[in-house]
Amino acid sequence: MTRHTHDAPRITLLRHGHAVDHCPSGDFERALDDRGQSEIERAALELQALPRLPTLILASPARRTRESAAVLQRMWARCAASGSDPAPAVQVELRFEPKLYLASAETLQAIIALHA
């Protein structure tokens with residue numbers, strides 16, 4: 001099996017890691033907690049086992065989501081740089097989509113359709 005090929009589009013939905021319960025600045029600014037950091041690191045490793053890594057991350061601009069996306073990018077870049085992955089490095093683009101914050105299923109479907 002060849003990894004990181006671009007034969008057919010793939011959509012992988014991933015929720016941010018657990019966040020602190022409360023933030024004085026409001027829900028939008030809630031940061032990842034230690035558990036959430038570990039969850040996202042584990043998810044990054046599990047996603048690395050897929051036939052190919054995502055090339056685009058669409059994320060809400062909420063703090064916990066920005067932090068989760070940054071962990072994914074950092075871990076995948078480290079893997080590619082270390083040579084521990086036999087496949088060529090894949091540049092993972094990160095785009096923030098404000099409509100993803102607290103999005104309904106219908107909104108998610110519409111955003112996915114725009115990027116198909």
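Note that these values count all heavy atoms, side chains included, but never hydrogens, waters or copies made by symmetry.
Once rounded to the nearest 0.5 Å, the distance linking OG1 of Thr55 with CH2 of Trp76 reads 10.0 Å. Atoms CG and CD, from Asp33 and Glu67 in turn, are 10.0 Å apart once rounded to the nearest 0.5 Å. With rounding to the nearest 0.5 Å, the separation of CG in Leu53 from CG in Leu47 is 7.5 Å.
Side-chain heavy atoms closer than 4.5 Å link hydrophobic residues (I, L, V, M, F, W, Y) into clusters, and following such links, possibly through other members, connects Met75 to Leu50. The hydrophobic cluster containing Phe96 does not contain Leu32, counting ILVMFWY residues as joined when their side-chain heavy atoms lie under 4.5 angstrom apart, directly or transitively. Using a 4.5 Å cut-off between side-chain heavy atoms of Ile, Leu, Val, Met, Phe, Trp and Tyr, with links allowed through other members, Leu100 and Leu94 fall into different hydrophobic clusters. Cluster annotation: Leu14 is not connected to Ile111 through the hydrophobic network of ILVMFWY side chains, with a link wherever side-chain heavy atoms come within less than 4.5 Å. A single hydrophobic cluster is not seen to contain both Val20 and Phe28; linkage of ILVMFWY side chains at heavy-atom distances under 4.5 Å, directly or through other members, places them apart.
You'll find the side chain of Leu72 stays beyond 4.5 Å of the side chain of Val92, heavy atoms only. Residues His115 and Leu58 form a side-chain contact, since some pair of their non-hydrogen atoms from C-beta on lies under 4.5 Å apart. When side chains are defined from C-beta on, Gln109 does not count as touching Ile112, because their heavy atoms never get closer than 4.5 Å. Between Arg66 and Ser60 the shortest side-chain heavy-atom distance does not fall below 4.5 Å.
Heavy-atom neighbours of Arg15 CZ from other residues, nucleotides or ligands within 6.0 Å: at or below the threshold of 12.
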Discussion item. Set out, in order, the CA-CA distance, both residues' side-chain angles and the distance that settles side chain to side chain contact (heavy atoms under 4.5 Å, CB included) for Arg42 and Leu45, then state yes or no.
Written reply: CA-CA 5 Å; Arg42 189 170 51 253; Leu45 291 173; 5.7 Å; no
Worksheet item: Could you walk me through whether Thr107 and Tyr101 pass the side chain to side chain contact (heavy atoms under 4.5 Å, CB included) check?
Response: CA-CA 10 Å; Thr107 299; Tyr101 179 65; over 6 Å; no
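Counting all heavy atoms, side chain and backbone alike, Pro98 lies closest to Pro61 at CA-CD, 3.6 Å. Residue Arg30 comes nearest to Asp21 through the heavy atom pair CD-O, 3.7 Å, listed as atom of the first residue, atom of the second, then distance. The two residues Ala103 and Leu108 have their closest heavy-atom pair at CB-CD2, 4.1 Å.
Between Arg95 and Glu97 there is no salt bridge, since none of the side-chain N atoms of the basic residue sits less than 4.0 Å from a carboxylate O of the acidic one. The pair Arg63-Asp27 does not count as a salt bridge, with every side-chain nitrogen at least 4.0 angstrom from each carboxylate oxygen.
Of the possible donor and acceptor atoms, one in the side chain of Glu39 sits under 3.5 Å from a partner among the backbone N and O of His18.
Judged purely by distance below 3.5 Å, without hydrogens or angles, the side chains of Thr65 and Ser68 never pair a donor atom with an acceptor atom.
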